[in-house]
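The shown structure was predicted, so the numbers you read here are calculated from the model rather than taken from an experiment.
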Amino acid sequence: EQPSLLRLPMRFVTTGFVRREVNDAFLTDRTGGSALLEYRWKKPYLINFGYRFEQVHTFEREPDPLFPFDIRLRIAPLTAGFSRDTRDQILDATRGSFLSHIAEWAPLTLGSQLHFAKYFGQYFYYRTLAEPSVVPWSGETRSRLVYAGGVRYGIASGLGDQDLIPSERFYGGGSTTVRGFAQDRLGPIAGSSAVGGESMFVVNNELRFPIYRFFDGAAFVDAGNVFERWRDFRLNDLRFTSGAGLRLRTPYFLIRVDYGRVLNGRPGDPGGRFYFGIGQAF
């Protein structure tokens with residue numbers, strides 16, 4: 001990391017990485033690096049431009065002996081991002097908002113074997129509904145009656161007659177998106193495996209409130225879906241879930257337990273699901 005570039009007020013960051021992503025049906029190994037220029041405008045705004053080069057290996061967790069799924073590709077997109085962050089805390093905000101837009105374009109001329117374009121945007125809003133108070137055990141002073149809301153949208157497509165590989169598609173469902181569905185199981189399913197889609201849309205609404213001493217509660221309504229093709233996006237095709245949760249505030253971190261139930265279930269959908277985690281869902 002370099003705090004300035006040629007005396008310009010821009011931070012230059014280079015990163016190398018080796019990462020494994022785990023899906024219910026396949027694994028994705030990524031090895032590569034990136035170079036990024038960041039410019040902070042005033043305090044809450046951050047603008048960045050960069051380039052990423054990575055070798056991507058996607059393969060089945062339990063290979064089919066007749067038709068094995070195994071893909072190795074170079075992916076090298078140009079990236080651009082913009083964000084605005086006014087949250088009072090990153091992991092457990094009580095007020096403020098977070099907005100971000102990220103775009104990627106991978107041309108073949110820059111070394112990518114997959115030609116695609118991709119966009120992902122998100123917005124989270126937090127509003128305090130009561131005066132701050134001291135939380136027993138954890139000792140922190142904070143408001144415990146909070147409304148939290150969020151919306152996320154993604155769209156991507158292969159270019160030049162190429163299709164997106166599974167590692168570059170969007171997935172939904174799970175403890176941080178649409179509660180009531182298993183991780184990544186919202187949207188297109190092939191056989192018994194989630195295959196992701198070219199578009200996704202998720203909306204979250206949650207009311208967080210104190211119960212007793214260091215125990216808090218939450219009531220939520222989630223909605224969203226993942227669409228196999230970006231042209232298939234329809235607001236009237238969203239899945240809705242609702243539920244409640246319990247929060248335990250310790251001196252070190254927040255422990256979360258949620259139960260989400262599917263409201264407009266379809267054949268094969270789960271009735272509901274429990275989730276356990278650390279920190280707020282969003």
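Residues L129 and L207 have side chains in contact (heavy-atom distance under 4.5 Å, counting atoms from C-beta outward). Counting heavy atoms from C-beta outward, F170 and S199 have side chains that stay 4.5 Å or more apart. Two residues are said to be in side-chain contact when any heavy atoms from C-beta on lie closer than 4.5 Å; F49 and L36 fail this criterion. P9 places none of its side-chain heavy atoms less than 4.5 Å from the side chain of W41. By the 4.5 Å heavy-atom criterion applied to side chains, W137 and R213 are not counted as neighbours. Side-chain contact between D85 and F98: present, with at least one pair of heavy atoms (C-beta onward) separated by less than 4.5 Å. Side-chain atoms of E198 and F116, non-hydrogen and from C-beta on, never get closer than 4.5 Å to each other.
To the nearest 0.5 Å, atom OG1 of residue T79 and atom CH2 of residue W105 are 13.0 Å apart. Annotation: the span from S34 atom OG to F17 atom CZ amounts to 6.0 Å, rounded to 0.5 Å. The OG atom of S175 sits 11.5 Å away from atom CD1 of I278, with the distance rounded to the nearest 0.5 Å.
Within the 3.5 Å criterion, the main-chain N or O of Q113 finds a donor-acceptor partner in the side chain of Q162. The main-chain N or O of H115 is never found under 3.5 Å from a side-chain atom of S112 such that the two would form a donor-acceptor pair.
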Residues R247, E206; criterion salt bridge (Lys or Arg N to Asp or Glu O under 4.0 Å); working and verdict: CA-CA 13 Å; R247 311 288 187 261; E206 184 170 281; 3.5 Å; yes

Stepwise side-chain contact (heavy atoms from CB on, under 4.5 Å) test for D163 and R229: CA-CA 10 Å; D163 290 326; R229 298 295 180 184; 3.7 Å; yes

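Under the 30°/60° scheme for interplanar angles, the aromatic rings of F274 and F276 are found to lie parallel. Note: Y51 and F53 have tilted aromatic rings, judged against thresholds of 30 and 60 degrees for the angle between ring planes. In this structure, Y119 and H101 have parallel ring planes: the angle between them is below the 30° cut-off, well short of the 60° mark.
Within 6.0 Å of the CZ atom in R95, the count of heavy atoms belonging to other residues, nucleotides or ligands does not exceed 12.
Ion pairing between R185 and D269 fails under the 4.0 Å rule for side-chain N and carboxylate O. Under the 4.0 Å criterion applied to side-chain N and carboxylate O atoms, R208 and D216 are not assigned as salt-bridge partners.
Put simply, the residue from D70, T28, T31, D29 that forms a side-chain hydrogen bond (donor to acceptor under 3.5 Å, both in side chains) with H57 is D70.
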Report all side-chain donor-acceptor pairs from residues 150-161 shorter than 3.5 Å, counting only partners two or more places apart or in another chain.
from, atom 1, to, atom 2, distance (Å)
R152, NH1, T176, O, 3.1
R152, NH2, T176, O, 2.8
R152, NH2, N204, OD1, 2.7

